[in-house]
Amino acid sequence: NWDLYGFVQGTANRTGNRRDNDRLGFGGGWQALDRLRLSAEASGGDGGAGGTLLGDYRVNDRSNIYLGYTMETERPDSNIRGRYSTAVTGTKYRINDQMSLYGETKATHGAGPESLVNAFGLDLAPSDRWSYGLKGEWGTISDPVAGDLKRQAVGLSLGYKKDKIKYAGNLELRHEDGDTGHRTVWLMRNALSYQVDRAWRLFGKANFSVSDNSQGAFYDGDFVELVAGGAYRPVDNDRWNALFKYTYFQDTPTAGQLTSSDLVADYSQRSHVLNADAIYDLVPRLSLGGKIGYRYSQLKAGKVDGDWYDSHAVLGVLRVDYHVVRKWDVIGEARTLWVSEAE
């Protein structure tokens with residue numbers, strides 16, 4: 001009814017104004033009561049102390065409530081340095097075997113964007129094949145760059161699974177009112193896979209985000225991601241594993257995104273990417289893997305105006321895995337990247 005873990009990390013090298021990120025920490029979980037589970041983590045190092053406290057209480061067989069607090073010293077999704085904390089509380093309730101409800105409140109405070117957001121949702125699975133979902137979200141987000149935003153959002157989800165076919169999709173509409181205007185955002189996510197036979201699986205993705213800002217096109221943020229590929233995992237010869245994938249990506253960042261120089265990102269790009277990955281077991285203990293990737297991109301130095309220019313890149317990876325004993329493996333990997341226009 002309990003578990004413990006520990007971790008240590010050290011910075012091998014750093015350049016420029018990047019700082020060390022050395023850290024030592026430990027944590028664990030405890031099933032305090034039949035219905036109550038507690039977990040905690042504490043760490044120290046560059047940037048100061050950090051930690052997590054979590055509690056989950058099962059009210060009955062149908063519902064549970066949870067409460068958590070996390071304090072971190074850096075935000076990997078933001079260019080802003082500094083400490084921040086997150087508090088979350090919520091509940092889940094299963095009405096019957098086909099329907100469940102949930103509600104959650106999350107607050108963030110500290111360096112970077114701060115927010116207080118409420119969310120609710122309904123999940124419905126009337127059969128083994130179909131599943132549906134409805135979610136809503138409202139709250140306030142305070143961003144150092146974009147200012148205060150009041151967000152209202154509603155989303156729909158759909159899932160289907162039968163024999164060799166599996167599909168999952170989401171559609172979301174957001175409306176945000178800020179200090180300098182308002183913005184409407186449509187987001188869509190689609191994922192489809194098809195099991196051709198015991199060795200081959202085909203898959204595809206289609207993700208979109210389209211926005212309309214009252215301040216003009218410079219403040220919009222759009223992206224398109226289209227993926228098609230296949231995975232080869234032969235059942236009669238499990239020494240082989242391979243993946244082939246094509247990706248089309250188009251990105252126009254919003255005014256809330258910053259470059260490494262803390263300037264508003266002002267560019268557009270569209271890319272075609274081809275990838276091939278494979279790994280083969282030479283002997284039971286030794287595997288050899290490789291990857292080759294090619295990217296053809298067109299970039300524009302401004303979101304609204306400017307000329308497109310080409311960019312070509314090739315990535316090569318070679319990997320060796322050696323299984324030493326039952327619980328230990330040694331891995332070596334070498335990578336090389338050629339970007340022709342940038343030399």
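The structure presented is a predicted model; accordingly, all values stated were derived computationally and were not measured.
At a cut-off of 3.5 Å, with distance as the only test, a side-chain donor of Glu225 or Asn207 sits close to an acceptor on the other residue. Side-chain atoms of Arg183 and Ser211 include no donor-acceptor pair closer than 3.5 Å. Side-chain N/O atoms of Glu104 and Tyr66 include a donor and acceptor closer than 3.5 Å. Donor-acceptor pairing under 3.5 Å is lacking for the side chains of Arg23 and Gln9. Judged purely by distance below 3.5 Å, without hydrogens or angles, the side chains of Ser127 and Arg129 never pair a donor atom with an acceptor atom.
Asn21 and Thr11 make their closest contact through N-OG1, 2.7 Å (heavy atoms, listed as atom of the first residue, atom of the second, distance).
Within the model, atoms CG of Leu134 and CG of Leu124 stand 10.5 Å from one another, a figure rounded to the nearest 0.5 Å. Atom-to-atom distance recorded for Tyr57:OH and Leu33:CG is 8.0 Å, nearest 0.5 angstrom.
In terms of modelled atom types and a separation under 3.5 Å, the side chain of Glu341 and the main chain of His312 share a donor-acceptor contact. Side-chain atoms of Asp281 do not come within 3.5 Å of backbone N or O of Pro284 as any donor-acceptor pair. Looking at Arg233, its side chain never comes within 3.5 Å of a backbone N or O of Asp238 through a donor-acceptor pair. Not one N or O on the side chain of Thr70 forms a donor-acceptor pair closer than 3.5 Å with the backbone of Thr86. Side-chain atoms of Arg83 come within 3.5 Å of backbone N or O of Gly47 as a donor-acceptor pair. Judged by distance alone, with hydrogens and angles left aside, the side-chain atoms of Ser157 form a donor-acceptor pair with the main-chain N or O of Gly133 at under 3.5 Å. Within the 3.5 Å criterion, the main-chain N or O of Asp22 finds a donor-acceptor partner in the side chain of Asp46. Arg62 contributes a side-chain N or O that, together with a main-chain N or O of Arg94, makes up a donor-acceptor pair within less than 3.5 Å.
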- Item | Thr108 and Ser115: CA distance, side-chain angles, deciding distance, side chain to side chain donor-acceptor pair (under 3.5 Å) verdict | CA-CA 5 Å; Thr108 60; Ser115 64; 2.9 Å; yes

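Atom CH2 of Trp308 is surrounded by more than 12 heavy atoms from other residues, nucleotides or ligands within 6.0 Å. Within a 6.0 Å radius of CG in Asn96, more than 12 heavy atoms belonging to other residues, nucleotides or ligands are found. Residue-environment remark: CG (Asp61) stays at or below the threshold of 12 foreign heavy atoms within 6.0 Å. Other residues, nucleotides and ligands contribute more than 12 heavy atoms inside 6.0 Å of the CG atom of Asn60. Within a 6.0 Å radius of CH2 in Trp2, no more than 12 heavy atoms belonging to other residues, nucleotides or ligands are found. The environment of Tyr160 atom OH is dense: over 12 non-hydrogen atoms of other residues, nucleotides or ligands sit within 6.0 angstrom.
In terms of hydrophobic clustering, with Ile, Leu, Val, Met, Phe, Trp and Tyr side chains grouped at heavy-atom distances under 4.5 Å, Tyr296 and Tyr246 are assigned to different clusters. Linking ILVMFWY residues whenever their side-chain heavy atoms come closer than 4.5 Å, directly or via other members, leaves Leu156 and Phe120 in distinct clusters.
Salt-bridge annotation for Arg37 and Asp3: present, with a side-chain N of the basic residue lying under 4.0 Å from a carboxylate O of the acidic one. The pair Glu137-Arg174 does not count as a salt bridge, with every side-chain nitrogen at least 4.0 angstrom from each carboxylate oxygen.
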